[in-house]
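Structure first, commentary second.
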Amino acid sequence: MPGGLDTHAAIRWRTAAKAGENQGNQGKAEPMNLFADIRDAVADSIEALGRDGGLPAGLDPGNVTVEPPRDSAHGDMATNAAMVLARPAGMKPRDIAEKLAQRLAGDARIASAEVAGPGFLNLRLAPEVWAGVVRTVLERGADYGRSDMGRGQRVNVEFVSANPTGPLHVGHTRGAVFGDALASLMRFTGHEVTREYYINDGGAQVDVLARSVYERYREAHGRVPEIAEGLYPGDYLVAVGQALKDKVGDAFLDRDEEVWLDEVRAFATEAMMETIRADLASLGVRMDVFFSEKSLYGTGAIEAAIEALREKGLIYEGGLEPPRGKTPEDWEPREQTLFKSTEFGDDVDRPVKKSDGSWTYFAPDIAYHYNKIERGFDVLVDVLGADHGGYVKRMKAAVAALSNGRVPLDIKLTQLVKLYRDGVPFKMSKRAGNFVTLRDVVERVGADVTRFVMLTRKNDAPLDFDFARVLEQSRDNPVFYVQYAHARICSVLRKAEAAGFDLTAAADSGPGLEDEAEFALARKLAEWPRLVEIAARSHEPHRVAFYLYDLASAFHSLWNRGNEKPELRFLHEGDAAATAAKIALPQAVAVVISAGLAILGVTPATEMR
RNA sequence: GGCCCCGUAGCUCAGAGGAUAGAGCAACCGCCUCCUAAGCGGUAGGUCAUAGGUUCGACUCCUAUCGGGGCCGCCA
C-alpha cells in the first residue's frame, strides 16, 4: 500500500456536508455504511467526469451498485457502473471503467482500482479504511448499522393473529418469531413499527369455543361433559370451565344457550387471549395492539369499508361463473355482492356479502385493513400461515383499491414447521386437540434457541425443527456456533480485564490489522449496515441469522490463526500496546453479534455450558 | 379443476440482474506444551429440473412443461 497515504484523510473521509449527519459525534465522523459511501464516491466521480467532459453530462447513476465481489481475489468492492452506463453514454464499458478508475485513484480510501472482465471496476481499499470500520463499530456500539432508510415510515406488522380458541402451537411460533424479528429489523432501519394482533373473535369459531367451555363448566359442576363432534376437546379448557364456575356459580347450569352464549363467549375469548399473551411473552414477543374483529361489527365499520369500495365503482351485485372444470353437483347461480378484485390482479371477483345478506369472511378483513390504512400506516405487512395462500391476491387488491395504491401490502406466508427428535419425525397424536404447543417448544429448548432456529430458513421454505439437533453443540448447529463465537470473545475480554488491560483504550489506539484473516473479519463487519438494509427492504429477517453465522465463521477462523501465528492472538501478556491493537477487532465482532441477535430477539451467550 | 410455495453438490440449505454458483453435514487428508479443538485449514463433489424468451449480462425476471409440497374445490 502507498507509504504516503494520508491516514488522517482516509479516516475522515466523509465530506463536510455528509459529516453533518453525524453531528454530536465529537467530530469523529466515521462512515456508517462503507458500501454506501463508496457508492457515493463512484456516483460523484461520474458526475465530475460529466462536468469536465470525460463522460456525457447528466448520466443517471441510479442503477450503479457497489457490492462485495463473490471472489475476494477481485478486491474488496466491485462496481457495475461502467456496464450500466455504457448504453446511455454510448461508450464501451471498459473505456468508462478506465476513466472512473483514474478518477477514483485520487480518493485516499481507494488503494487500487482495476478494470476487469466485461467492465467491472474492482476496488481495493486502503488498510486504514478497515481499521476505521472497526473503530466505527466500537464508537457506535449497538447503533452500528442502524439506518434512517425507513425515514420514519409507519409500518404495521400484523402477525400471529391465531383464533382465540386455544394455546399457540408450533406453526404460530414460527409466525411469531418471524413477525417480531421483522418488526425489530424495520425499526432498526428507521421505520416506526407497530406490532399488531388481529383477534378473530367475530366468527362462528368463538361460538364453538363458548359451547366447548360450557361443557367444561358443566363438568366443573360434576356433570359429564358432552364434547360433541366439532367442539374443541382440548384439556386446556378444563380450567376455563372451572374459572367460569368460580365466577358465575350455577347461574348457567341447565339453561338454554341463548341465556349464556354471549357471556360465556366473552369470558372464554378473554381467557384464551390471556393464554396467548402468556405464550407470546414466553417467547419474548410483545404486541403493541390487539385488534378485535368484533369491534368491526355493529359499528358500521364494515359497511363503511364496502361503501368506500362502492364509491370507486368496485362493488356490484352479480353471480359468479361456475368453477372451471367439473361443475360440482350442487352448484347453482346465486346473486351476491361482489368486489371487483380482478381489476387489481385477482383471478376472479370475490363475494363480500352472501346471497342471504350476511357478510363473508372477506368483508371484515377488508374493513380491518381499511382501518389500518385510515390509521395512517404507510406500509402494511401481514404474516400468515401458508394455508392462507388463497387469500393473498384478494387482500392486496382490496388494500390497493382502498388506499388508491398508496399503501403497499406485503403478505409473508410462513411454511410448515416439521418437528423431529433425533431425525425421527415427531408424531403428534391424531386425537384432536393434542398438538405440540409453543410452550412445549420453549420449555424444551428455550426461547433463544427457538427464535434463532425459526429464522434459519426463509419464511417461504419449510423448516425442519429437530429437538435434539437444535441443542447440539457443534458447527452444524448455527445457534450454538454463533453463541460460541460471542462467548469466546466474552471469555477473552474477561481475561483481559482480569489481567488489568484497559479495554477502553483499545478503541482509541485503533486496531492493528495485518493478517488476511483480520481483514476478512473487518470486511464482514463492514457489510453489516448493508446487510441490514437489504434484509429490511425485502422483509427477510433470516438474512440476519445467516450473516451472523458467516461473521462467526470468520471469527473462529481468525481465532485459530492464532495457533500458527501467536502475534495474531488477542491477548498479549504484559504488553498493553499489543493487546490494545488486537483486542479491538473481537470487541467489534461481539458488538455486531449482539446487535444482530438483538434484532432476532436472542440473548447473546457470555459463556458456554 | 384452480391458486400458492419449492426444485441449486450424495444430504440440509445460502445466494439485490453481474465475473470461475457458495456454506454446513457426510467422505478423505491435516492442525491442540498456545486466549474454550464445543474449533480451524485443505481435498473431492454441479447440466442451478427442462425448453423457450427479455438484455451487454439470467440461479435470479417472463412464459410453458415436468417433478415435490400446501391450500381450495365455492357464498374463499
Side-chain angles (χ1 to χ4, degrees), chain A residues 63 65 67 69-71 73-74 78-80 82-84 86-87 92-93 116-120 122 319-320 322-328 330-331 334-338 346-348 350-356 358-362 365 385-394 411 413 415-416 456-462 464 469 472-478 480-481 483-485 487-489 491-496 499 517 530 533-535 537-538 540 542-543 545-547 549-550 553 555-564 566 569-573 579 582-583 586 607-609:
Chain A
N63 291 326
T65 60
E67 42 191 28
R70 289 204 168 178
D71 187 343
H74 291 143
T79 178
N80 62 353
M83 289 176 290
V84 171
R87 182 189 285 267
K92 289 180 190 164
F120 283 102
N122 291 332
L320 286 173
R324 273 159 285 180
K326 54 180 180 188
T327 303
D330 59 349
W331 191 89
R334 274 181 271 243
E335 185 83 358
Q336 46 197 302
T337 306
L338 296 159
D346 202 356
D347 313 294
V348 55
R350 303 293 174 174
V352 295
K353 193 182 264 187
K354 306 174 190 176
S355 50
D356 67 4
S358 63
W359 298 116
T360 63
Y361 283 113
F362 188 32
D365 287 341
D387 54 342
H388 291 75
Y391 168 93
V392 172
K393 281 189 184 176
R394 79 194 60 165
I411 299 186
L413 301 177
Q415 285 289 334
L416 218 62
T456 53
R457 271 311 85 105
K458 285 183 288 205
N459 61 289
D460 49 14
D464 289 346
R469 207 156 292 163
E472 218 167 73
Q473 303 200 327
S474 72
R475 170 157 199 173
D476 61 329
N477 177 4
F480 164 76
Y481 190 70
Q483 293 282 31
Y484 184 39
R488 270 184 154 176
I489 295 168
S491 166
V492 168
L493 298 181
R494 278 193 300 268
K495 289 193 188 223
R530 176 175 178 272
E533 292 197 353
I534 291 171
R537 191 158 300 157
S538 51
E540 293 181 336
H542 76 275
R543 289 172 183 269
F546 280 93
Y547 169 84
Y549 184 84
D550 284 349
S553 178
F555 170 76
H556 288 306
S557 182
L558 173 60
W559 177 287
N560 272 71
R561 287 283 287 161
N563 290 338
E564 299 154 41
R569 290 178 200 170
F570 309 131
L571 292 179
H572 298 270
E573 207 176 330
T579 300
K582 289 304 180 197
I583 210 161
E607 58 184 337
M608 303 308 294
R609 296 166 168 266

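Sequence lines set the chain letters: A, B, ... in the order given, protein chains first and strands last, and positions in each chain run from 1.
Rounded to whole Å, the separation between the C1' atoms of B:G46 and B:C11 comes to 15 Å. For the C1' atoms, the distance from B:G67 to B:A16 is 29 Å, rounded to whole Å. Only the C1' atoms considered, B:U20 is 25 Å distant from B:C28, to the nearest whole Å. B:C71 and B:A64 are spaced 24 Å apart, taking the P atom of each and rounding to whole Å. When the C1' atom is used for both B:G45 and B:G24, the distance is 14 Å, rounded to whole Å. To the nearest whole angstrom, the two C1' atoms, one in B:A21 and one in B:A27, are 22 Å apart. B:G52 sits 39 Å from B:U43 when the C1' atoms are compared, rounded to a whole Å. Between B:A49 and B:C34, the distance separating the two P atoms is 49 Å to the nearest Å.
At distances below 3.5 Å, at least one donor-acceptor pair connects side-chain atoms of A:Thr79 with backbone N or O atoms of A:Thr65.
Looking at A:Ser355, its side chain comes within 3.5 Å of the base of B:C75 through a donor and an acceptor atom. No hydrogens or angles were tested; on distance alone, a donor-acceptor pair under 3.5 Å links the side chain of A:Asn560 to the base of B:G39.
The distance from atom CZ of A:Arg561 to atom C1' of B:C32 is 16 Å, rounded to the nearest whole Å. Between the CE atom of A:Met608 and the P atom of B:C35 there is a distance of 18 Å, rounded to whole Å. When rounded to the nearest whole Å, the span between NZ of A:Lys458 and P of B:U8 equals 11 Å. To the nearest angstrom, C1' of B:C35 lies 11 Å from OH of A:Tyr484. One atom, CG of A:Asn459, and another, C1' of B:C4, lie 13 Å apart when rounded to the nearest Å. Taking atom CZ of A:Arg350 as the reference point, atom P of B:G73 lies 12 Å away to the nearest angstrom. Nucleotide B:A37 holds its P atom 10 Å from the NE2 atom of A:His556, rounded to whole Å. Straight-line distance from the CZ atom of A:Phe546 to the C1' atom of B:U12: 10 Å, rounded to whole Å.
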Fill in: Base-pairing string, 5' to 3', of RNA chain B - Watson-Crick or wobble, under 3.5 Å, | interstrand
(((((((..((((....[...)))).(((((.......))))).....(((((..]....))))))))))))....

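The side chain of A:Lys354 lies closest to B:C75, out of B:A14, B:C75, B:C3. Here the nucleotide nearest the side chain of A:Pro351, chosen from B:A76, B:C13, B:U36, is B:A76. Side-chain atoms of A:Arg569 lie closest to B:C34 of the nucleotides B:G39, B:C34, B:C35. Side chain of A:Asp460, nearest nucleotide from B:C6, B:U36, B:G39: B:C6. Closest contact between the side chain of A:Lys393 and the listed nucleotides B:U36, B:C3, B:A76 involves B:C3. Taking the side chain of A:Trp559 as heavy atoms from C-beta on, and the options B:C35, B:A76, B:C4, the nearest nucleotide is B:C35. Checking B:C34, B:U36, B:C40 against every side-chain atom of A:Ser557, the shortest atom distance belongs to B:C40.
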Find every protein N or O atom lying less than 3.5 Å from an N or O atom of nucleotides 16-24 of chain B, and list the pairs.
| residue | atom | partner | partner atom | Å |
| --- | --- | --- | --- | --- |
| B:A16 | OP1 | A:Arg543 | NH1 | 3.1 |
| B:A16 | OP1 | A:Arg543 | NH2 | 2.6 |
| B:A16 | N6 | A:Arg537 | NH1 | 2.5 |
| B:A16 | N1 | A:Arg537 | NH1 | 2.9 |
| B:A19 | OP2 | A:Arg70 | NE | 3.4 |
| B:A19 | N6 | A:Asn122 | OD1 | 2.6 |
| B:A19 | N1 | A:Asn122 | OD1 | 2.9 |
| B:A19 | N1 | A:Asn122 | ND2 | 3.0 |

Quick test: give all pairs of protein nitrogen or oxygen and nucleotides 66-72 of chain B nitrogen or oxygen below 3.5 Å, distance rounded to 0.1 Å.
| residue | atom | partner | partner atom | Å |
| --- | --- | --- | --- | --- |
| B:C71 | O2' | A:Asp387 | O | 3.2 |

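Heavy atoms of A:Phe570 sit under 4.0 angstrom from at least one base atom. Backbone-only contact: A:Tyr481 has heavy atoms under 4.0 Å from sugar-phosphate atoms and none from a base.
The phosphate of B:C5 has neither OP1 nor OP2 within less than 4.0 Å of any side-chain N or O from A:Arg457.
With respect to A:Glu533 and A:Arg530, no salt bridge is recorded, no charged nitrogen being found less than 4.0 Å from a carboxylate O.
Here the shortest heavy-atom pairing between A:Ile583 and A:Ala496 reads CD1-CB, 3.6 Å. Across A:Pro93 and A:Pro118, no two heavy atoms sit closer than the pair CB-O, 3.5 Å. In terms of heavy-atom proximity, A:Asn563 sits nearest to A:Arg569 at O-NH2, 4.1 Å. The two residues A:Asn459 and A:Leu413 make their nearest non-hydrogen contact at ND2-O, 3.0 Å. Closest heavy-atom contact between A:Asp476 and A:Glu472: OD1-OE1, 3.7 Å.
In this structure, A:Phe570 and A:Phe555 have parallel ring planes: the angle between them is below the 30° cut-off, well short of the 60° mark.
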Discussion item. side-chain hydrogen bond (donor to acceptor under 3.5 Å, both in side chains), that's the test. Do A:Arg475 and A:Ser553 meet it? Break it down for me.
Written reply: CA-CA 9 Å; A:Arg475 170 157 199 173; A:Ser553 178; 3.2 Å; yes

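With its glycosidic angle more than 90° from 0, B:C4 is assigned anti.
Residues A:His542 and A:Thr456 fail the side-chain proximity criterion, which asks for heavy atoms closer than 4.5 Å.
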